Peer 1: 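Sending over a structure as structure tokens; questions will come in a sec.
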There are 2 protein chains.
Amino acid sequence: MVTIYDIAAQAGVSAMTVSRVINNTGKISDKTRAKVQRVMDELNYVPNHMARSLVLQQSKLLFLLITDITNPFYTTLARGAEDAAKKSGYRLLFGNSDESSQKEKDYIDTILSTRADGVLIAPASDSSLPHLESLRRHNVPFVLLDREVPGMGSDVVLGDTKEGARKLVDHLISLGHRRIALINGLPTISSARLRLEGFREALKLGDLAYDEQYVLESAFEPKSDLSDIESWLDSMDPAPTAIVAGNNVLAVEVIRTLHARGLRVPDDLSVVGFDDLGPYSEIDPFLTVIAQQAYQFGYLGMQMLIERIEERGAAAQPWRRVVLPAELVVRRSVAKLPE
Amino acid sequence: MVTIYDIAAQAGVSAMTVSRVINNTGKISDKTRAKVQRVMDELNYVPNHMARSLVLQQSKLLFLLITDITNPFYTTLARGAEDAAKKSGYRLLFGNSDESSQKEKDYIDTILSTRADGVLIAPASDSSLPHLESLRRHNVPFVLLDREVPGMGSDVVLGDTKEGARKLVDHLISLGHRRIALINGLPTISSARLRLEGFREALKLGDLAYDEQYVLESAFEPKSDLSDIESWLDSMDPAPTAIVAGNNVLAVEVIRTLHARGLRVPDDLSVVGFDDLGPYSEIDPFLTVIAQQAYQFGYLGMQMLIERIEERGAAAQPWRRVVLPAELVVRRSVAKLPE
DNA sequence: CTGTTAGCGCCTTCAG
DNA sequence: CTGAAGGCGCTAACAG
């Protein structure tokens with residue numbers, strides 16, 4: 001491994017001079033600078049980020065931690081974050097927590113030990129609290145995306161989830177549906193809780209009773225075992241005429257399960273969901289959804305993060321909370337019921 | 001920042017003892033271990049991996065560099081790489097080069113200075129050569145995914161691309177198609193070249209002439225300007241009855257363009273492609289494709305990478321080249337033509 | 001079983 | 001303008 005000492009020896013200067021050339025600090029004669037530069041090129045020198053960070057106690061690296069890298073909502077968000085980071089001259093690395101608190105913890109450790117300057121994070125669940133506290137304790141700025149964590153104040157970018165759930169239910173009611181079911185994420189996730197709240201409120205406003213048997217709480221991420229969904233579908237009596245899915249993954253899982261038992265959407269049952277299915281849904285628009293502005297989640301979140309990083313030392317600003325609108329996109333997965 | 005010295009002082013032992021507890025090395029009395037452990041918990045100690053890597057000269061960090069984070073092929077691949085890395089106790093970070101050679105270079109620099117133990121990389125194009133040479137020079141093992149780079153020997157995981165292209169064309173021919181067009185990636189990408197070769201061979205075997213006007217070379221990644229596709233579609237005379245798309249992104253772009261001009265698939269024109277559209281295509285299987293084993297690309301590639309890392313110093317093994325099969329999945333985007 | 005010494009590669013501080 | 005000394009947090013090698 002080539003170090004600044006190797007460069008220094010070759011160039012006949014001290015390591016300190018090399019360091020100054022690299023960081024463009026202090027005053028150096030053009031001749032010395034040129035010589036050092038030449039030797040660095042010859043030896044293919046690459047600065048050691050770890051040694052550097054050890055001394056400086058900081059890097060120029062940002063992290064984005066998402067919970068499901070195969071979910072188009074998060075990958076689109078990632079592109080937004082990337083573009084915003086690039087615009088400000090930061091580098092961005094990604095991590096995938098897979099909705100697992102343990103994996104999230106591992107990433108947080110990696111992030112802490114890599115001395116990232118900041119983190120954009122979609123927390124796995126409420127149990128992410130200790131991880132966020134750890135970031136806070138170590139003075140690493142972060143911005144939460146899509147989900148909040150009770151007990152942790154911070155900047156955050158959210159979707160207008162409750163309103164989205166209401167719009168979905170209203171849409172179903174307006175088409176004559178009266179028995180509406182909800183398959184949702186786990187209640188340890190703030191966005192799932194809001195979806196349930198919005199769902200209940202919309203039912204109440206529509207003069208429909210809330211019936212617990214019509215609600216299933218499953219996991220937001222893709223899974224191979226869908227037996228909980230299967231038995232839930234079988235158990236509901238009378239069967240619902242429409243199902244609201246808490247995210248795109250659940251929507252797909254419900255529809256697949258329905259297909260597997262010979263039921264067609266929307267002929268036999270209507271299905272609506274949250275979040276679009278990615279650019280690929282465009283070729284055959286099928287699922288009626290609440291489309292969230294995924295790219296904006298990442299872009300705005302990254303801007304807020306960078307502002308926090310760069311205002312460091314200045315008077316602490318109050319936490320900011322951005323709520324992005326939820327738009328209903330009507331396609332063809334809902335049937336109009338006879339009066 | 002809490003260091004092992006703080007722990008040591010609090011616990012009344014030496015820093016070395018703390019280090020041993022953390023790494024579970026050497027022999028330590030249960031009492032000492034318990035005491036140290038307790039202090040670590042109290043002080044919320046987080047080990048500094050940079051300091052650790054500095055002395056160990058290895059980071060246990062691996063990188064995966066993909067070219068399009070919004071493409072389900074790559075995200076599924078990423079999940080495979082992640083699982084394999086985890087199984088061997090490595091951490092994995094992701095980067096997205098966006099098919100850009102410049103962004104790729106930036107990531108390679110980050111990777112080098114972060115002293116990653118190895119890199120899994122889908123190269124942006126043939127012009128990635130200098131970046132790979134840089135990795136090699138610095139002794140960072142890497143495995144190429146999906147694409148090769150002429151002039152650079154290495155382990156590589158490829159799809160059976162040529163065979164895939166042949167199957168696609170054969171399928172079209174068997175359904176009566178005679179005027180078959182190809183929209184492909186840029187010829188600076190090895191997989192695009194192979195697709196074209198397979199395409200031409202299949203035409204020849206089917207006694208069909210190769211006609212240059214039926215081939216368009218566009219970019220593999222999503223773009224907002226589709227005018228090249230539009231004018232190509234207009235220009236072909238006589239119009240083709242079927243189009244082969246070099247990847248899923250191109251397939252979607254072609255279909256969208258067709259829809260925009262009121263043409264239906266497959267009624268007016270048949271379309272087939274490479275790579276599936278992600279888990280979400282399952283709810284409404286439409287596009288006939290060559291499905292590649294994306295997860296396996298990542299999983300096997302990661303295994304090969306880790307083997308390289310851990311065999312270090314042993315006699316150099318010859319490069320390995322894994323070719324994964326290409327499976328034709330027939331759905332409903334192809335029309336059967338009358339005799 | 002536990003402690004001491006030295007150094008990983010780099011940068012800050014203080015001298016020239 | 002340039003250099004020497006010291007230390008960031010940690011662990012290998014050697015001593016007890």
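Atoms considered below: every heavy atom in the structure, side chains included; atoms not considered: hydrogens, waters and symmetry mates. Naming convention: chains lettered A, B, ... in sequence-line order (proteins, then strands); numbering from 1 in each chain. None of the values given here were measured: they were computed from a predicted structure.
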Peer 1: Roughly how many Å is it from CG in Leu56(A) to C1' in dC10(C), rounded to a whole number?
Peer 2: 8 Å
Peer 1: So Ile28(A), base contact, sugar-phosphate only, or nothing? Heavy-atom distance under 4.0 Å.
Peer 2: sugar-phosphate
Peer 1: Remember a base hit wins even if backbone is also touched, and classify Ser53(A) as base, sugar-phosphate or nothing at under 4.0 Å, heavy atoms.
Peer 2: nothing
Peer 1: Compare side-chain N and O positions of Thr17(B) against OP1 and OP2 of dG3(C) and report whether any pair is under 4.0 Å apart.
Peer 2: yes
Peer 1: Take the protein atom CE of Met16(A) and the nucleotide atom P of dC14(C), then report the distance between them rounded to whole Å.
Peer 2: 14 Å
Peer 1: Work out which heavy atom in Ile306(B) is nearest to a heavy atom in Ala84(B); give both atom names and the distance.
Peer 2: CD1-O, 4.0 Å
Peer 1: Side chain of Arg115(B), base of dG9(C): donor and acceptor closer than 3.5 Å?
Peer 2: no
Peer 1: Are Phe297(A) and Tyr74(A) close enough that their ring centres sit under 6.0 Å apart?
Peer 2: no
Peer 1: Taking only residues two or more places apart in sequence or in another chain, which ones pass side-chain contact (heavy atoms from CB on, under 4.5 Å) with Glu307(A)?
Peer 2: Arg320(A)
Peer 1: Return the set of residues passing side-chain contact (heavy atoms from CB on, under 4.5 Å) with Pro318(B) (not counting sequence neighbours), or none when no residue passes.
Peer 2: none
Peer 1: Nucleotide range of DNA chain D contacted by chain A, 5' to 3', under 4.0 Å to a heavy atom?
Peer 2: dC1(D) to dG9(D)
Peer 1: How close or far is atom C1' of dT2(C) from atom CD1 of Ile4(B), stated in whole angstroms?
Peer 2: 14 Å
Peer 1: Could you work out which one of dG9(C), dA6(C), dT4(C) sits closest to the side chain of Tyr5(B)?
Peer 2: dA6(C)
Peer 1: Specify the separation, in whole Å, of atom CG of Leu54(B) and atom C1' of dC11(C).
Peer 2: 13 Å
Peer 1: Between dC1(C), dC10(C), dT13(C), which nucleotide has the shortest distance from any of its atoms to the side chain of Ser29(B)?
Peer 2: dC1(C)
Peer 1: Below 4.5 Å, heavy atoms only, C-beta onward: do Leu65(B) and Leu120(B) meet side chain to side chain?
Peer 2: no
Peer 1: Please compare Val55(B) and Gly12(B) by the position of their nearest nucleotide in DNA chain C and report the one closer to 5'.
Peer 2: Gly12(B)
Peer 1: NZ of Lys27(B) versus C1' of dC1(C): gap in Å, rounded?
Peer 2: 10 Å
Peer 1: Can you see whether Gln102(B) engages Asp106(B) through a side-chain donor-acceptor pair at a distance of less than 3.5 angstrom?
Peer 2: yes
Peer 1: For a quick check of understanding: with a heavy-atom distance under 4.0 Å over all strands, which category does Thr25(A) fall into, base, sugar-phosphate or nothing?
Peer 2: nothing
Peer 1: May I ask you to check whether over 12 heavy atoms, not counting those of Lys60(B), lie within 6.0 Å of atom NZ?
Peer 2: yes
Peer 1: Starting from P on dC8(C), measure out to CG on Asn48(A) and report it in whole angstrom.
Peer 2: 12 Å
Peer 1: Rounded off to whole Å, could you give me the CZ-to-C1' distance for the Arg20(B) and dT2(C) pair?
Peer 2: 6 Å
